[in-house]
Amino acid sequence: MYTLNKLSYSYDSLEPYIDTHTCGLHYDKYAKRYLNTLNDLLDSIQYDYRYPIEELSLHINEFPENIQQSILFNLGGVINHEIFFRSLNPKREMPMGLFLEKINHIFGDYETFKQRFKESALKIKGSGYTFLVTDQNDNLRIINFQNQDCPYSYQLIPLMVLDMWEHAYYLNYKCNKDSYINDFFNIVDFSIANNYYKNKTH
């Protein structure tokens, strides 16, 4: 059975950018609902949980066709939320080392990267996510996914993500997506990306 990682911070520690109620609701209601639905679907066919959750979408054809889309949707809901919660931290870590060098090479500098990321996020119509990923050629890419589509399905490695579903921001920001995205960069944590590039040298 798949599980959610515990948050590394308390629900109130992201305030004032994300309030306690939104953080708790997001983790306890939305993320766990995707998890429970995914596990229920897999249990209904006696799945033995042989694959790491990040690899499950690559084996989707092994599952009954009539539940494949439901598996993918809820799987994306679990994985995308896991990455989102890991992308946040009140003790945020800024880009550094080889990752910062990569940002500067691709985007010019960190501020330009932030602007490009924000522009991409504002283009999302309806529900979705804006990811920073690295592809198989080690290129950094800012990419949007609709609904619960997931980078692992396209053999992309997610380094950071912003949740653009309404439940992630509406209680705090209403329709002001611009402020939500700006404030995200006050609590975004790049430790995943920093460690990824650091480990590539070892």
Side-chain angles (χ1 to χ4, degrees), residues 5 7-27 30-31 76-77 79-135 138-151 156-198:
N5 292 326
L7 296 183
S8 62
Y9 45 83
S10 61
Y11 292 159
D12 63 350
S13 60
L14 301 177
E15 291 192 352
Y17 309 110
I18 297 176
D19 74 281
T20 303
H21 181 62
T22 296
C23 187
L25 193 68
H26 201 166
Y27 181 81
Y30 291 98
I79 291 176
N80 292 343
H81 279 104
E82 285 271 30
I83 301 165
F84 176 65
F85 293 129
R86 290 203 309 263
S87 297
L88 302 173
N89 200 313
K91 299 177 181 179
R92 63 193 182 119
E93 185 174 297
M94 295 295 290
M96 61 181 65
L98 292 177
F99 174 54
L100 180 57
E101 291 178 17
K102 194 74 173 180
I103 283 182
N104 292 339
H105 176 71
I106 299 295
F107 300 102
D109 54 41
Y110 177 67
E111 290 303 317
T112 302
F113 157 72
K114 283 174 57 178
Q115 185 60 33
R116 292 271 299 278
F117 191 92
K118 178 178 177 179
E119 290 170 356
S120 184
L122 288 172
K123 291 178 181 177
I124 291 179
K125 305 299 182 185
S127 300
Y129 299 83
T130 300
F131 277 90
L132 176 67
V133 303
T134 182
D135 62 22
D138 200 31
N139 294 314
L140 280 180
R141 298 169 58 187
I142 297 170
I143 188 167
N144 290 339
F145 287 105
Q146 291 296 132
N147 297 316
Q148 295 299 355
D149 212 359
C150 179
L156 299 170
I157 298 173
L159 301 177
M160 178 268 276
V161 67
L162 173 61
D163 190 336
M164 291 298 293
W165 283 64
E166 277 194 348
H167 63 249
Y169 64 84
Y170 192 78
L171 292 179
N172 290 117
Y173 297 93
K174 300 299 187 283
C175 294
N176 192 350
K177 296 180 182 180
D178 194 271
S179 292
Y180 169 60
I181 299 166
N182 286 338
D183 284 347
F184 169 71
F185 280 96
N186 290 310
I187 48 176
V188 65
D189 185 6
F190 289 100
S191 59
I192 295 174
N194 287 331
N195 289 334
Y196 173 79
Y197 279 95
K198 181 179 179 180

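FYI, the numbering just counts along the sequence from 1. All values below were derived from every heavy atom in this structure, side-chain atoms included, with hydrogens, water molecules and symmetry-related copies excluded.
Counting heavy atoms from C-beta on, the side chains of Y180 and D163 come closer than 4.5 Å. Taking 4.5 Å as the limit, every side-chain heavy atom of L140 sits out of range of all side-chain heavy atoms of F113. Within the 4.5 Å cutoff, no side-chain heavy atoms of D189 are placed close to those of K91. Annotation: side chain of Y170 is in contact with side chain of C175 (closest heavy-atom distance under 4.5 Å). Using a 4.5 Å cut-off on side-chain heavy atoms (C-beta onward), K102 and D138 make contact. Using a 4.5 Å heavy-atom cutoff, the side chains of L162 and I181 are in contact. With a 4.5 Å cut-off on side-chain heavy atoms, I142 and F107 count as touching. Counting only heavy atoms from C-beta outward, the side chains of W165 and Q148 approach each other to under 4.5 Å.
Here the closest non-hydrogen pair linking M94 and N194 is O-ND2, 2.9 Å. Residue F117 comes nearest to F131 through the heavy atom pair CE1-C, 4.1 Å, listed as atom of the first residue, atom of the second, then distance. Of all heavy-atom pairs spanning D149 and N80, the tightest one is O-ND2, 3.0 Å. Annotation for N89 and S8: closest pair ND2-OG, 3.8 Å, computed over non-hydrogen atoms.
Considering CZ of F184 and CZ of F84, their distance stands at 6.5 Å, rounded to 0.5 Å.
Ring-plane geometry between F85 and Y27 is classed as perpendicular, the angle between the planes exceeding 60 degrees on a 0 to 90 degree scale with a lower cut at 30.
Between the Y173 side chain and the I18 main chain, no donor and acceptor come within less than 3.5 Å of each other. Between the side chain of E93 and the backbone N or O of I192, no donor-acceptor pair lies under 3.5 Å.
At most 12 non-hydrogen atoms from other residues, nucleotides or ligands lie less than 6.0 angstrom from CZ of R116. Around NZ of K174, the count of heavy atoms belonging to other residues, nucleotides or ligands within 6.0 Å exceeds 12.
Ion pairing between K118 and D178 holds under the 4.0 Å rule for side-chain N and carboxylate O.
Take L156 and apply the side-chain contact (heavy atoms from CB on, under 4.5 Å) test, not counting sequence neighbours, and it matches V133, D135, R141, I143, F145, P151, Y154. For N144, the side-chain hydrogen bond (donor to acceptor under 3.5 Å, both in side chains) partners two or more places apart in sequence, or in a different chain, are S120, T130.
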